[in-house]
Amino acid sequence: MSAAPVHIAGERLMLDPGGVLHWPARRMLVVADLHFEKGSAFAARGRLVPPYDTRETLARLAPLLRLYAPRRIVFLGDSFHDAEGCTRLAEGDRTALVHALAGIDAIWVAGNHDPAPPVGLPGTAVEELRDGPLTFRHIPTPRAIGEVAGHLHPRATAPTRAGGVARPCFVSDGRRVLMPAFGAYTGGLDSTDPAIAGLFPRGGRAFLLGTERLYSFPLAPRRSNIAVKVERFGGGGQDLPLFAGVKLRNG
């Protein structure tokens, strides 16, 4: 897979199509909104869904840990779907998670779904993490610079000749990065929603997650009809063979 570089507060960060952010200078991996044990939380409320979301999320995370071999991993909040989620981990899933984190400094940032530290798991729990010029927190704050945050589960729609293709995405404007949700059972909020668009008043770029690469297009600072060029990262700088005039609403 081919990652795309962005520069935030003078630091080069890599956005990976797998939905994680890599900070090479710190050998740090960042992942947001895993929502482990969402399936079991639903089951407790009588909403029966397949109970394999944690296993699937771990299966997607494990190869990214092997690929980047980070010294530190930052879980950017809502790692568990509720405060008791870590106590409902199946023994096999708990063992797999502990094994995956062996030798890695794990930082558990508090989320609105999981404000308490996870019980019985390695790592350190924090409200937010400041490292050099960057701040890692769950809920983004207005007018922040050098912020990496999650919480909003951004999603965007890329225009194609066959119609729009909606995918989870990163959103960035050179001042901050908003992370996609990583969990198997997480939904998404469109990048044109005021909750997201309001964080990027000057517009920005959406980086849609693809199988092997990211697809990027601009997000307008205001309502306008624009021609959107969707760029492909990782294919020798070539563009996707698509061009479309679409309405992008931002704000």
Side-chain angles (χ1 to χ4, degrees), residues 1 3-4 6 13-21 30-36 38-39 42 49 53 56-57 60-61 64 75-79 81 111-113 137-142 147-224 226 228-234 240 242 244 246-251:
M1 291 190 291
V6 296
L13 309 176
M14 304 299 294
L15 311 181
D16 189 279
V20 299
L21 179 149
V30 184
V31 61
D33 296 281
L34 290 88
H35 285 265
F36 287 141
K38 186 173 183 176
F42 277 13
V49 295
D53 54 304
E56 171 64 21
T57 301
R60 290 176 50 228
L61 181 61
L64 293 165
F75 294 100
L76 210 54
D78 285 3
S79 301
H81 190 64
N112 56 298
H113 279 263
R137 58 170 62 100
H138 180 59
I139 299 177
T141 58
E147 178 185 81
V148 180
H151 180 58
L152 293 174
H153 302 203
R155 188 177 182 88
T157 302
T160 74
R161 293 193 183 103
V165 176
R167 296 286 295 168
C169 67
F170 298 91
V171 183
S172 183
D173 61 356
R175 297 185 174 205
R176 70 165 89 224
V177 176
L178 189 61
M179 298 279 296
F182 192 87
Y185 280 178
T186 50
L189 181 66
D190 193 88
S191 59
T192 61
D193 187 278
I196 294 177
L199 297 171
F200 303 92
R202 300 179 182 180
R205 294 194 72 86
F207 297 83
L208 273 67
L209 307 188
T211 304
E212 296 292 335
R213 55 180 56 87
L214 295 164
Y215 299 92
S216 173
F217 63 89
L219 298 176
R222 59 185 179 276
R223 292 185 181 184
S224 60
I226 62 173
V228 176
K229 187 176 185 180
V230 181
E231 297 175 348
R232 179 176 65 181
F233 289 87
L240 277 177
L242 45 92
V246 298
K247 288 185 176 180
L248 291 182
R249 180 172 61 83
N250 209 345

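Computed from heavy atoms alone, side chains included, the values below leave out hydrogens, waters and symmetry copies.
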What are the two closest non-hydrogen atoms of [X] and [Y], and how far apart are they?
| X | Y | answer |
| --- | --- | --- |
| T186 | H35 | CG2-CD2, 3.5 Å |
| R213 | P17 | CA-CG, 3.5 Å |
| S172 | F207 | CB-CE1, 4.3 Å |
| F75 | L61 | CE2-CD2, 4.2 Å |
| L15 | V6 | CD1-CG1, 3.7 Å |
| D190 | A156 | OD1-CA, 4.5 Å |

Distance-only check: which donor-acceptor pairs under 3.5 Å involve side-chain atoms of residues 162-169, not counting sequence neighbours?
unit_1 : atom_1 : unit_2 : atom_2 : d
R167   : NE     : L209   : O      : 2.8
R167   : NH2    : L209   : O      : 3.3

Exercise. Within a strict 4.5 Å, meaning less than it, do heavy atoms of the L219 and F200 side chains meet?
Worked result: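 No, every pair of side-chain atoms sits at 4.5 Å or beyond.
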Problem set entry | Side chain proximity check, L152 to V171, heavy atoms < 4.5 angstrom | no
Exercise. For F170, which residues count as a ring-ring contact (aromatic ring centres under 6.0 Å, His included) partner, sequence neighbours excluded?
Worked result: none
Exercise. In chain order, what residues pass the ring-ring contact (aromatic ring centres under 6.0 Å, His included) check against H151, with sequence neighbours excluded?
Worked result: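 Listed in chain order: H138.
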Problem set entry | Heavy atoms of other groups near R175 CZ, more than 12 under 6.0 Å |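 Check fails, neighbour count at 12 or below.
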Exercise. Please walk me through it: do R202 and D173 pass side chain to side chain contact (heavy atoms under 4.5 Å, CB included)?
Worked result: CA-CA 8 Å; R202 300 179 182 180; D173 61 356; 5.9 Å; no
Can you tell me if [X] uses its side chain to pair, donor with acceptor, with the backbone of [Y] under 3.5 Å?
| X | Y | result |
| --- | --- | --- |
| D33 | P180 | no |
| H153 | G187 | yes |
| E147 | T141 | yes |

With rounding to the nearest 0.5 angstrom, report the [atom1] to [atom2] distance, [X] to [Y].
| X | Y | atom1 | atom2 | answer |
| --- | --- | --- | --- | --- |
| D53 | L34 | CG | CG | 10.5 Å |
| I196 | R155 | CD1 | CZ | 11.5 Å |
| T57 | R60 | OG1 | CZ | 6.5 Å |

